[in-house]
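Some notes on the structure that comes next.
Just so it is clear, the values below take in all heavy atoms, side chains as well, and ignore hydrogens, waters and symmetry mates. Order of appearance sets the numbers: ligands from 1, and atoms from 1 within every ligand.
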Amino acid sequence: MPASELIEKILRMKEEKGAVILAHNYQPPEIQDIADHLGDSLDLSRLAATLEEEIIIFCGVHFMAETAAILSPDKKVLLPDPEAGCPMADMIDAAQLRKLQEKHPGAVTVMYVNSTAEVKALTDICCTSANALAVVDSIPEDKKIIFGPDQYLGGWISLQIDRGMILWDGFCPSHQKIMPEEIQALREQHPGAVVMVHPEVNPSIEAEADITLGTGSMIKFAGESDATTFIVGTEVGMCYRLEKLYPEKTFIPASPNAICPNMKKISLEKILASLENLGPVITVPEETADAARSAIERMIEFG
Ligand code: 13P
Ligand code: SF4
């Protein structure tokens, strides 16, 4: 079916079924174009908790839909491809976290929202890239902190606020694809360009950057900056989002290899099938959801 026909059907069926489409900033262009709301992990979590619609089509990855399902247990949260996972979220499981907590009794557990519901159920407070610094900074000085699963986000926070943490050794495979030489070459080709990178990159990339920001903050920064050219060190989908918002500016991916294959599993065909079948529904067992909810709610309170 041609894309225009698919889009028409999706928009019609969305109205009929009373559904809303949320999409992360890394989604493919055609999905960004039909979404009702686009955003970073924090925006989307906040929205999921407040939207009127009973059916949420989540165009993102599994932990995002799971977070929405935990915040809105009475709604139907659909993930058009249930195989769209996040390898970083799967790098720590509940048994591993429990073991670490037993080793460090009394430590406060902060987990990146890129984690499973079972892990969140053992967490004191979650964070996203948008509020990680504020969340960690809010923890009393005399408390030890367990942070995971992203060692690079954790390491970056530690440096910013000069605070040691017990770090899990997870990482985002897509962000690790960016190489320092790629940024160096782009800087030579585009003198005066601003290099902004996501805190999921590793320190060798961070060292090449002018500024480190989550995707929501990249949007704000690019809008407010006087610069006209930006080298964007995160998943490639972000450049489309920025170009649409600021067509007068130029956005260049730091690496064409920084692709999240899971984010790209969502397609117009799968969204239409989701609306037709009202599935696949993402559910979280009640006991796990109840245990995870307060860590997520504490997270969305942080700006
Ligand atoms: P943010 O949009 O919160 O910066 O997250 C990036 C990410 O990797 C989501 O999986
Ligand atoms: Fe997970 Fe990385 Fe994909 Fe984000 S970009 S969903 S952290 S694999």
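Side-chain contact check for T116 versus D93: every heavy-atom pair is 4.5 Å or farther apart. Looking at K9 and L275, their side chains never come closer than 4.5 Å, going by heavy atoms from C-beta outward. Between I57 and K14 the shortest side-chain heavy-atom distance does not fall below 4.5 Å. Between I211 and F221, the closest side-chain pair of non-hydrogen atoms falls below 4.5 Å. Between I259 and E235, some side-chain heavy-atom pair lies under the 4.5 Å cut-off.
Within ligand 2, counting atoms from 1 as listed, the ones closer than 4.0 Å to a heavy atom of Y26 are 5 (S). Against a heavy-atom cut-off of under 4.0 Å, S129 is close to the following atoms of ligand 1: 1 (P), 3 (O), 4 (O). Proximity to M64 (heavy-atom distance under 4.0 Å) selects the following atoms of ligand 1: 9 (C), 10 (O). For ligand 2, the atoms closer than 4.0 angstrom to any heavy atom of C260 are 3 (Fe), 5 (S), 6 (S), 8 (S). Those atoms of ligand 1 with a heavy atom of G214 less than 4.0 angstrom away are 4 (O). Ligand 1 places these atoms under 4.0 Å from at least one heavy atom of E200: 6 (C), 7 (C), 8 (O). Numbered from 1 in the order shown, with element, the atoms of ligand 2 that lie under 4.0 Å from a heavy atom of V61 read 6 (S).
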- Message: Evaluate K244 against D33 for salt bridge (Lys or Arg N to Asp or Glu O under 4.0 Å), listing each step before the verdict.
- Response: CA-CA 9 Å; K244 288 290 279 209; D33 287 346; 3.6 Å; yes
- Task: Carefully, step by step, assess L78 and V281 under the rule side-chain contact (heavy atoms from CB on, under 4.5 Å).
- Result: CA-CA 5 Å; L78 312 178; V281 182; 3.6 Å; yes
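The shortest contact between atom 8 (S) of ligand 2 and any protein heavy atom is with P87 CD, 3.5 Å. With respect to atom 1 (Fe) of ligand 2, the closest heavy atom belonging to the protein is C86 SG, 2.3 Å.
In terms of polar-atom proximity, defined here as any N/O pair under 3.5 Å, H175 makes no such contact with ligand 1. Residue contacts with ligand 1: T128 is placed with no nitrogen or oxygen under 3.5 Å of a nitrogen or oxygen of the ligand (distance criterion only). Here's the thing with H198: one of its N/O atoms is less than 3.5 angstrom from an N/O atom of ligand 1. Polar contact with ligand 1: absent for D40 (N/O pair, distance under 3.5 Å).
Side chains of Y26 and N262: no donor on one and acceptor on the other come within 3.5 Å.
Heavy-atom separations between E200 and ligand 2 include at least one value shorter than 4.0 Å. Using a 4.0 Å cutoff on heavy atoms, M88 does not count as a contact of ligand 1. The closest approach between any non-hydrogen atom of N114 and ligand 1 is below 4.0 Å.
Compare N114, N262, L153 by their heavy atoms: the one nearest to atom 4 (Fe) of ligand 2 is in N114. Residue C172 holds the heavy atom nearest to atom 5 (S) of ligand 2 of all those in A258, C172, P149, P173. Summarising the contacts of atom 5 (O) of ligand 1 with S41, G39, S174, the nearest heavy atom is found in S41.
At most 12 non-hydrogen atoms from other residues, nucleotides or ligands lie less than 6.0 angstrom from NZ of K220.
When all heavy atoms are compared, the tightest approach of V197 to V195 is CG1-CG1, 4.0 Å. Scanning all heavy atoms of the two residues, the minimum distance from G155 to L167 falls at N-CD1, 3.8 Å.
Salt bridge status for R187 with D210: present, with a side-chain N to carboxylate O gap under 4.0 Å.
Proximity of T234 to ligand 1, defined as any heavy-atom pair under 4.0 Å, is not found for any part of the residue.
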